[in-house]
Amino acid sequence: MKNFKTLLFITLMGSLCLTAQNNNTKRADKEFARFEYVDAAESYLKLVENGKGSDYVYGRLAESYYNIFNTVEAERWYAKALETSNDPEMIYKYSEMLKANGKYKESNEQMEKFASMRPSDNRATAYRKNPDYLPKILEQGKKFNVQNAGFNSEHSDFGGTLHNGKIYITSGRNDSRKTYGWNEEPFLDIYTLTENSDGGYDNPTLVNSYINTRFHEGLVSFAPDGNTMFFSRESYFEKDFEQDSLSRTRYGQLYLFKATKLKDDWDEVESLSINSENYSVKNPSVSSDGSTLYFASNMPGGYGQYDIYKAPINDDGTIGEPQNLGQKVNTEGQEMFPFISSNNTLYFSSNGHLGLGGMDVFYTKEIDGKMAPIRNVGIPISSNADDFAFMIDEVSGEGFVSSNRDGGMGSDDIYTIKKLQPLCDVLIAATVLDDKTREPISGAAVSLYDDQGNKVVTKSTNADGIAEFIIECEKDTELEVTMDDYESRKVALQGTSNEESPVQISLSPIEKIITPEEIVLNPIFFEYDKSNITAQAAFELDKLVQVMNKYPELVIKATSHTDYIGSDSYNQRLSQRRAKSTEQYVISKGIDESRISSEGKGESEPKIDCGTNCTDEERQMNRRSEFLIVSGGPESQE
């Protein structure tokens with residue numbers, strides 16, 4: 001496991017109580033306060049070796065190693081610190097380190113402790129709902145091919161943004177730059193690479209000095225016109241920082257900047273209005289239509305350490321009011337590195353959602369202003385290390401992900417990815433049409449039912465007659481469509497792994513079920529020997545209610561018939577109960593009782609007079625309900 005973690009995406013931690021520090025820990029504490037975690041760990045270790053270890057020192061050792069993602073040592077010292085401490089957040093981090101080291105059983109044991117201590121924490125409730133999540137992620141199949149990009153260095157390399165035939169990456173490979181104490185690597189700069197004729201890449205080239213400074217620069221994203229670039233940079237460049245009066249340590253933030261292309265190069269760099277000396281904003285991603293900027297921030301009012309936000313990009317290029325993406329996306333942990341793809345799928349990294357350890361890559365999609373269920377992309381994109389800076393071309397299925405997993409060349413490496421199978425969510429796009437004109441029907445109510453027959457959600461079709469739903473792969477579902485003046489329909493959908501499942505549903509005008517003598521519905525089924533209205537019967541009877549609402553003078557007589565099985569008297573009583581239930585259902589829907597009557601006919605008026613030799617089909621036809629028009633039919637109201 002790599003021992004380094006990049007400054008641009010780790011939260012500044014150090015949550016342990018400071019009251020236990022003393023003169024012995026003064027030097028180590030100062031290094032820790034300056035985020036010099038490599039040196040701090042060495043100093044705390046010397047204290048342990050000299051017999052000056054304590055709960056405080058053990059905890060600081062664990063935090064130091066956690067912050068540079070040395071998972072083995074972090075696990076060791078969290079275990080030591082927790083022998084006497086009972087801090088919930090420390091227990092959660094210990095669980096994360098166990099998981100990162102492949103100790104899934106032990107990790108879940110710590111998650112149980114964490115969940116019992118903080119039952120309302122989103123991370124706890126998610127775990128309690130799905131404690132067996134790890135096998136599901138591991139067994140869901142590899143959807144991607146992942147290969148080391150081949151242009152990584154021994155230092156931190158991450159990102160991978162395609163623009164005008166070039167790849168923009170962030171790297172600490174510039175050995176002429178001074179190093180920073182966090183992980184003793186050179187400061188980060190933005191580089192470009194160009195693919196050559198052999199399919200490889202030319203040597204990385206530094207972007208110009210308008211973009212790269214002596215401070216950290218981070219990920220980039222481009223507006224659709226290609227002339228505007230957004231990127232991260234430390235606030236020191238703006239001379240925005242706070243300085244500790246004792247240690248003289250300077251504390252800055254991460255800001256977002258915008259650069260404009262002049263001729264063939266970048267210029268006119270300006271700080272965005274959403275920046276603040278009180279919090280960081282970073283990891284920009286621009287939507288494909290250029291209207292929205294997504295980013296990560298630890299601004300006040302969020303749910304966790306870092307949350308994902310979006311903000312409108314105004315016509316004049318200014319940035320509007322940021323909006324938190326909500327508690328479905330954001331947790332008490334860290335959500336960062338948003339990437340909004342061309343089909344508006346939002347990918348991001350998180351250590352708060354259920355994953356394999358460290359930061360995993362997740363995805364969701366906004367539909368009708370709400371976020372679809374959060375899904376883990378799965379292996380090999382997600383691993384037990386930190387996996388971040390995911391991006392993909394949805395057309396080619398190619399892209400990049402960054403990770404500090406084993407087997408890389410440096411602390412963070414960039415990996416090329418190729419999608420092999422669709423991700424395990426299905427977008428159902430239901431288009432509702434007029435069966436006669438083939439025109440889309442706007443405002444139709446489309447209800448989604450799960451494979452247990454439970455109604456999940458109801459949506460109205462838009463101006464194009466479309467309602468969209470996102471469901472899990474391989475889940476059988478059913479759509480029910482209702483609309484005034486049209487006959488309602490139900491359509492069963494078989495589970496699939498396709499990313500999209502378009503379906504057309506044609507509705508016939510309600511008059512189609514009206515004849516001069518009766519209203520013709522599909523068979524009204526009752527359970528054996530029962531007369532209560534079932535869900536299927538209610539669906540059909542709602543069509544009758546719709547007709548009667550449209551024609552307020554219409555008077556109906558509902559008759560119920562049985563087959564020849566059973567005695568005459570038994571069938572008569574059964575049919576009367578069923579006819580009465582039918583009548584009562586219609587009245588319960590607001591139809592005046594004077595407009596509907598009912599009568600049980602038993603077996604006296606068979607549709608097919610087959611006696612005791614009826615086939616199953618013939619008996620089914622005899623078991624029926626009929627809805628006879630007594631008066632006030634459509635013709636009489638014209």
Residue from D386, N384, N404, N101 passing side-chain hydrogen bond (donor to acceptor under 3.5 Å, both in side chains) with T71: N101

Closest non-hydrogen atom pair between V286 and A223, with its separation: CG1-CA, 4.2 Å

Between OG1 on residue T477 and CZ on residue F469, distance to nearest 0.5 Å: 9.5 Å

Considering all heavy atoms, the nearest L134-G355 contact: CD2-O, 3.4 Å

Partner of F144 by side chain to side chain contact (heavy atoms under 4.5 Å, CB included), out of I392, L420, I379, T416: I392

Partner set under side chain to side chain contact (heavy atoms under 4.5 Å, CB included) for S501, not counting sequence neighbours: V426, I428, T496

Y92 and Q110 side chains, donor-acceptor separation under 3.5 Å: no

K365: salt bridge (charged side-chain N to carboxylate O under 4.0 Å, His left out) partners, not counting sequence neighbours: none

W266 and its ring-ring contact (aromatic ring centres under 6.0 Å, His included) partner, picked from F257, F222, F231: F222

Pair R128 + E112: basic N to acidic O under 4.0 Å: yes

Salt bridge present between E109 and K103 (N-O < 4.0 angstrom): no

Spatial distance of atom CG (L206) from atom CG (D189) [nearest 0.5 Å]: 5.5 Å

Sequence-distant partners of Q327, side chain to side chain contact (heavy atoms under 4.5 Å, CB included), two or more places apart: N122, Y303

Over-ring placement of R405 relative to Y415, 6.0 Å and 45° cut-offs: yes

